[in-house]
Amino acid sequence: MKILAIETSCDETAAAVLEGAGEHLKVLSNVVSSQIEIHKKYGGVVPEVAAREHVLNIIPVVNEALAKAGLTPPFFPPLTKGRGRVGLDAIAVTAGPGLITSLIVGVETAKALAYAWQLPLVPVNHIEGHIYSARLDHTTPIKFPAVILTVSGGHTMLVLMAKHLSYQTIGDTRDDAAGEAFDKGAKLLDLGYPGGPAIAASAAQISNFQFPISNFGVATPQIKLPRPMIDSPDFDFSFSGLKTALLYQLRDDKNWRKKIPAYAHEYQQAIIDVLIAKVVKAAKKYKAKTIILSGGVSANQELRRQLTETVNKQLPAVSLKLTAHSYTTDNAAMIGAAGYFKFRAGKTIAPAKLKVDPNWELK
């Protein structure tokens with residue numbers, strides 16, 4: 001079967017076409033129109049600006065995705081009904097969580113196409129998409145139970161999956177998500193936006209072999225930041241205190257601009273230490289057979305390297321699936337992957353009944 005997927009939960013206008021058979025998925029196209037350059041001057045995403053850009057980009061992006069998948073234009077306005085000339089079996093779309101004005105653009109487009117082409121419509125939770133992004137570059141099925149660490153600008157979550165489409169949130173952020181913490185830390189260090197790549201690039205200037213090795217990474221000399229909630233009995237996260245600790249250290253250090261790479265290194269390592277400690281503890285408690293790392297922050301090379309080393313050392317029997325770099329940030333292929341498994345399970349909705357839910361909780 002072939003499925004068209006649409007994603008507009010934040011500032012990326014994305015569409016993809018996937019082909020699925022059994023447990024196997026093939027990405028036929030994956031088109032993303034990024035707004036990073038637009039929002040960079042504001043230091044973050046401006047919802048109203050993002051929504052207007054989605055309106056401008058959504059139809060060209062959908063048409064490009066369909067064309068790259070080898071389907072015959074024109075696609076919009078829709079001229080045919082059913083699979084026939086359209087060549088699709090279903091449409092999947094992100095219905096939440098996210099920015100409400102951005103979500104509306106994608107959902108209304110998907111509803112119009114599903115109604116016009118008389119195709120089943122599959123609503124997908126954005127976090128659900130990140131979870132299934134790990135299936136796009138791995139041919140082996142997920143072994144259950146699985147523990148998923150999803151880290152992005154808006155979310156830092158630990159999810160337990162007992163089977164396909166079965167989710168139990170066992171850990172969540174109490175304030176700032178890891179990606180948001182990276183953005184705020186980069187702003188304090190005057191490194192620019194987006195913060196994750198900026199801090200990673202600055203931190204890379206500190207050699208990993210100059211300093212003693214800590215439990216998870218490298219201890220930076222003279223600069224020490226807290227690891228919030230690393231020893232808490234639960235699996236929740238909190239990064240706002242880390243940002244505040246950085247703020248105070250920079251305030252008291254008159255020469256901090258000469259030490260930016262060291263501060264970036266320690267800040268990044270503090271976040272990585274907490275993430276790894278929590279996911280390893282959860283995997284041990286729930287006897288996970290698979291650990292999945294997904295979300296925009298999962299592109300961080302140090303996080304990937306250190307998590308791999310830790311799992312290999314402490315949990316050698318557990319399968320670790322790292323989402324491919326091309327699917328870590330928001331994209332429609334991941335929505336199509338989740339949508340495919342939901343469609344197989346009969347989780348569709350009539351277009352007229354679908355509404356966006358910016359606070360949609362994963363259940």
Side-chain angles (χ1 to χ4, degrees), residues 1-7 14-32 61-73 75 78 80-95 106 110 113-114 117-146 148 150 159 161-167 289-294 319-328 330-351 362:
M1 64 160 289
K2 290 181 181 178
I3 185 167
L4 167 68
I6 296 173
E7 151 66 26
V17 177
L18 276 69
E19 187 171 36
E23 286 277 327
H24 300 287
L25 290 167
K26 181 180 180 181
V27 179
L28 302 182
S29 65
N30 188 36
V31 179
V32 179
V61 165
V62 168
N63 279 346
E64 183 179 351
L66 291 168
K68 286 186 174 181
L71 301 175
T72 306
F75 307 109
T80 58
K81 296 181 179 181
R83 193 177 195 281
R85 225 180 102 199
V86 180
L88 296 168
D89 296 281
I91 298 174
V93 63
T94 304
L113 293 175
W117 288 336
Q118 295 296 291
L119 292 174
L121 184 60
V122 185
V124 175
N125 184 294
H126 181 76
I127 303 301
E128 190 175 27
H130 277 303
I131 289 172
Y132 275 92
S133 65
R135 288 289 292 114
L136 296 172
D137 201 45
H138 294 273
T139 56
T140 56
I142 299 171
K143 296 179 181 179
F144 300 106
I148 300 95
T150 296
V159 177
M161 284 183 71
K163 59 183 180 179
H164 278 303
L165 306 178
S166 172
Y167 315 107
K289 294 182 179 178
T290 304
I291 292 174
I292 295 173
L293 177 65
S294 65
S319 172
L320 175 62
K321 293 184 181 295
L322 304 176
T323 300
H325 281 282
S326 56
Y327 301 122
T328 53
D330 292 352
N331 64 90
M334 70 183 195
I335 302 303
Y340 168 74
F341 285 99
K342 295 188 76 170
F343 176 75
R344 292 202 317 167
K347 295 181 179 295
T348 61
I349 188 172
L362 187 67

Problem - Check against side chain to side chain contact (heavy atoms under 4.5 Å, CB included), Leu113 and Val62 - result: CA-CA 10 Å; Leu113 293 175; Val62 168; 4.2 Å; yes
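At a threshold of 4.5 Å between non-hydrogen side-chain atoms, the residues Leu18 and Tyr340 do not count as touching. Looking only at side-chain heavy atoms (C-beta outward), Pro145 and Lys289 come within less than 4.5 Å of each other. With a 4.5 Å cut-off on side-chain heavy atoms, Asn30 and Lys68 do not count as touching. The closest side-chain heavy-atom distance from Leu362 to Ile131 is below 4.5 Å. In this structure, the side chains of Glu23 and Phe341 come closer than 4.5 Å at one or more pairs of heavy atoms.
Partners of Phe343 according to the ring-ring contact (aromatic ring centres under 6.0 Å, His included) rule, which considers only residues two or more places apart in sequence or in another chain, do not exist here. Under the side-chain contact (heavy atoms from CB on, under 4.5 Å) criterion, Ala95 pairs with Val107, Pro123, Leu354, Trp360, not counting sequence neighbours. Residues that satisfy the side-chain contact (heavy atoms from CB on, under 4.5 Å) test with Ala110, not counting sequence neighbours, are Ile6, Ile91, Val93, Leu121.
The two atoms that bring Lys321 and Ala134 nearest to each other are CB-CB, 4.4 Å, heavy atoms only. Closest approach of Ile127 to Asn125, counting heavy atoms only: N-OD1, 2.8 Å. Leu25 and Gly20 get closest at one heavy-atom pair: CD2-CA, 4.0 Å. Of all the heavy atoms in Ala5 and Ala332, the pair that sits closest is CB-O, 3.2 Å. Pairing each heavy atom of Ile292 with each of Thr290, the nearest pair is CG1-CG2, 3.9 Å. In plain terms, the two heavy atoms of Ala337 and Leu136 that are nearest each other are CB-CD2, 3.8 Å.
To the nearest 0.5 angstrom, Arg344 atom CZ is 14.0 Å from Lys342 atom NZ. Distance check: Asp330 CG to Glu7 CD gives 5.0 Å after rounding to the nearest 0.5 Å. Taking CD1 from Ile335 and NE2 from His130, the interatomic distance works out to 7.5 Å, rounded to the nearest 0.5 Å.
Between the side chains of His164 and Tyr132, at least one donor-acceptor pair of N or O atoms lies under 3.5 Å. Side chains of Ser133 and Thr323: a donor on one and an acceptor on the other come within 3.5 Å.
Distance alone, capped at 3.5 Å, places no donor-acceptor pair between the Arg135 side chain and the Ala338 backbone. Counting only distance, with no hydrogens or angles, the side chain of Asp89 and the backbone of Ile3 share no donor-acceptor pair below 3.5 Å.
The only member of Thr150, Leu322, Thr328, Ile148 that meets side-chain contact (heavy atoms from CB on, under 4.5 Å) when paired with Leu293 is Leu322.
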